[in-house]
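Read the structure below first, then the notes.
Bear in mind that the values here come from a model prediction, so they are computed numbers and not experimental data. Read the numbers this way: they start at 1 and go in the same order the structure lists the ligands and their atoms.
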Amino acid sequence: MNIIETRDLHFQYPDGTKALNGINFIAKKGEMVALLGPNGAGKSTLFLHFNGILKPTKGEILIKGKSIKYNSKDLIEVRKTVGIVFQNPDDQLFAPTVKQDVAFGPLNLGLDEGEVERRVKESLKAVGMEAFENKPPHHLSGGQKKRVAIAGILAMEPDVIVLDEPTAGLDPIGASQIMKLLYELNKKGMTIIVSTHDVDLVPIYADRVYVMSKGQIIKSGTPKEVFEDV
Ligand code: ADP
Ligand code: ADP
């Protein structure tokens with residue numbers, strides 16, 4: 001099943017910048033998909049379309065086979081299905097403790113306390129941050145903040161997690177730890193879409209790769225297909 005599909009997606013920012021110029025992208029259930037491309041290629045802009053934050057100028061997005069209609073009912077459903085981890089964890093972490101931060105999303109869903117507690121524990125465990133639950137997030141290292149931001153999205157129990165440059169700003173060990181964590185989540189059944197500059201890590205972990213440049217997909221396929229002639 002295609003969890004996310006875009007058809008001939010175009011997007012122009014209000015200042016006239018044409019950030020997406022006909023994107024056809026598919027993520028299937030259970031896949032780990034990597035999106036590569038230089039700064040300014042349009043990766044973040046594409047991701048912001050995946051959960052309805054941005055609305056295409058032209059083309060459409062299908063979530064689980066259904067075209068997003070941009071009414072509030074659709075958007076709530078889409079945001080439950082697709083969770084986005086933004087590039088800068090400081091945009092996402094603002095509660096006094098790690099635990100409260102991760103609880104924020106599930107509480108917003110209106111879940112009862114017991115269920116929120118269960119999800120927070122499970123998500124922090126999945127990212128290996130249980131020991132930090134009472135610490136203030138802004139005192140953590142970059143890699144740890146990234147893990148907490150990921151836990152916050154996991155706690156929403158989405159079908160897909162989309163991560164914008166999750167290894168940016170991390171040292172090589174931290175970066176490979178994050179990719180490994182994503183790989184483990186993927187093995188447990190989570191669909192993962194990740195943009196990254198870490199070309200070395202992608203062939204190891206991704207099922208499929210898209211390469212973007214200037215708002216277009218210039219290459220796609222298995223890591224082997226995409227990398228063998230570069
Ligand atoms: P990437 O994530 O690959 O670095 P972006 O999606 O951030 O690429 O940017 C794609 C293009 O859109 C770039 O030319 C960028 O400068 C432009 N852009 C991004 N955000 C905005 C914005 N809010 N307003 C106008 N142009 C933008
Ligand atoms: P990324 O590589 O993740 O897209 P950027 O540094 O390109 O990060 O963008 C950081 C922020 O600046 C984003 O919120 C983006 O929307 C905004 N931005 C990027 N390019 C422009 C632009 N040309 N005009 C206005 N805002 C922009």
Side-chain angles (χ1 to χ4, degrees), residues 3-27 31-63 68 70 75 78-79 81-94 142-143 145-146 149-150 152-153 158 160-172 174-175 178-179 181-182 191-203 205-221 223 225-227 230:
I3 289 202
I4 298 184
E5 177 176 358
T6 75
R7 294 187 182 158
D8 193 32
L9 201 67
H10 288 71
F11 184 78
Q12 183 168 357
Y13 280 103
D15 70 355
T17 306
K18 289 186 173 149
L20 301 178
N21 304 303
I23 301 289
N24 294 300
F25 173 100
I26 288 176
E31 277 188 327
M32 178 144 165
V33 179
L35 183 61
L36 300 176
N39 271 330
K43 303 181 298 295
S44 306
T45 304
L46 178 61
F47 282 179
L48 292 172
H49 282 79
F50 286 165
N51 76 348
I53 293 176
L54 291 179
K55 188 177 171 182
T57 317
K58 189 180 153 218
E60 63 174 337
I61 301 154
L62 295 91
I63 305 292
I68 305 182
Y70 301 92
L75 288 177
V78 166
R79 281 165 199 168
T81 307
V82 184
I84 300 194
V85 179
F86 294 102
Q87 186 170 341
N88 183 355
D90 293 323
D91 292 346
Q92 219 150 353
L93 306 175
F94 44 80
K145 282 183 187 172
K146 197 49 88 175
I150 294 170
I153 298 299
V160 191
I161 298 191
V162 178
L163 303 101
D164 196 353
E165 300 271 358
T167 59
L170 302 182
D171 59 40
I178 291 291
M179 287 303 279
L181 165 62
L182 298 181
T191 307
I192 309 244
I193 303 173
V194 54
S195 70
T196 180
H197 281 103
D198 281 306
V199 176
D200 294 346
L201 296 174
V202 168
Y205 298 111
D207 297 307
R208 225 140 42 79
V209 180
Y210 285 90
V211 183
M212 238 181 134
S213 173
K214 297 180 181 153
Q216 292 184 307
I217 303 288
I218 54 166
K219 213 159 192 196
S220 67
E225 287 163 352
V226 167
F227 292 110
V230 287

Which ligand 1 atoms are under 4.0 Å away from a heavy-atom of [X]?
X: Thr17; value: 12 (O), 14 (O), 17 (C), 26 (N)
X: Ser44; value: 1 (P), 2 (O), 6 (O), 7 (O)
X: Asp15; value: 25 (C), 26 (N)
X: Ala41; value: 1 (P), 3 (O), 8 (O)
X: Asn39; value: 4 (O)
X: Pro38; value: 3 (O)
X: Thr45; value: 5 (P), 6 (O), 9 (O), 10 (C)

Legend entry - Heteroatom distance test (Gly40, ligand 1): nitrogen or oxygen, under 3.5 angstrom: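 Yes: some nitrogen or oxygen of Gly40 is under 3.5 Å from one in ligand 1.
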
Inset, instruction - Hey, can you tell me if His49 and Phe11 have their rings parallel, tilted or perpendicular (30° and 60° cut-offs)? - result: perpendicular

Inset, instruction - Please confirm whether the backbone N or O of Asn51 pairs with a side-chain atom of Arg79, one donor and one acceptor, at under 3.5 Å? - result: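 Here the side-chain-to-backbone pair exists.
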
Inset, instruction - Keeping the roles fixed (side chain from Lys58, backbone from Asp8), state whether a donor-acceptor pair exists under 3.5 Å. - result: no

Got a second to check how far [X]'s [atom1] is from [Y]'s [atom2], nearest 0.5 Å?
X: Tyr210; Y: Leu46; atom1: OH; atom2: CG; value: 10.0 Å
X: Tyr13; Y: Leu54; atom1: OH; atom2: CG; value: 5.0 Å
X: Thr6; Y: Ile61; atom1: OG1; atom2: CD1; value: 7.0 Å

Legend entry - Within-shell test, Gly215 vs ligand 1, heavy atom, strictly < 4.0 Å: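 So Gly215 does not count as touching ligand 1.
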
Inset, instruction - Take every heavy atom of Gly42, measure it against each atom of ligand 1, and state whether any distance is under 4.0 Å. - result: yes

Inset, instruction - Run the ring-centre check on Phe25 versus Phe50 and record whether the distance is less than 6.0 Å. - result: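 Yes, the ring of Phe25 comes within the 6.0 Å limit of the ring of Phe50, centre to centre.
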
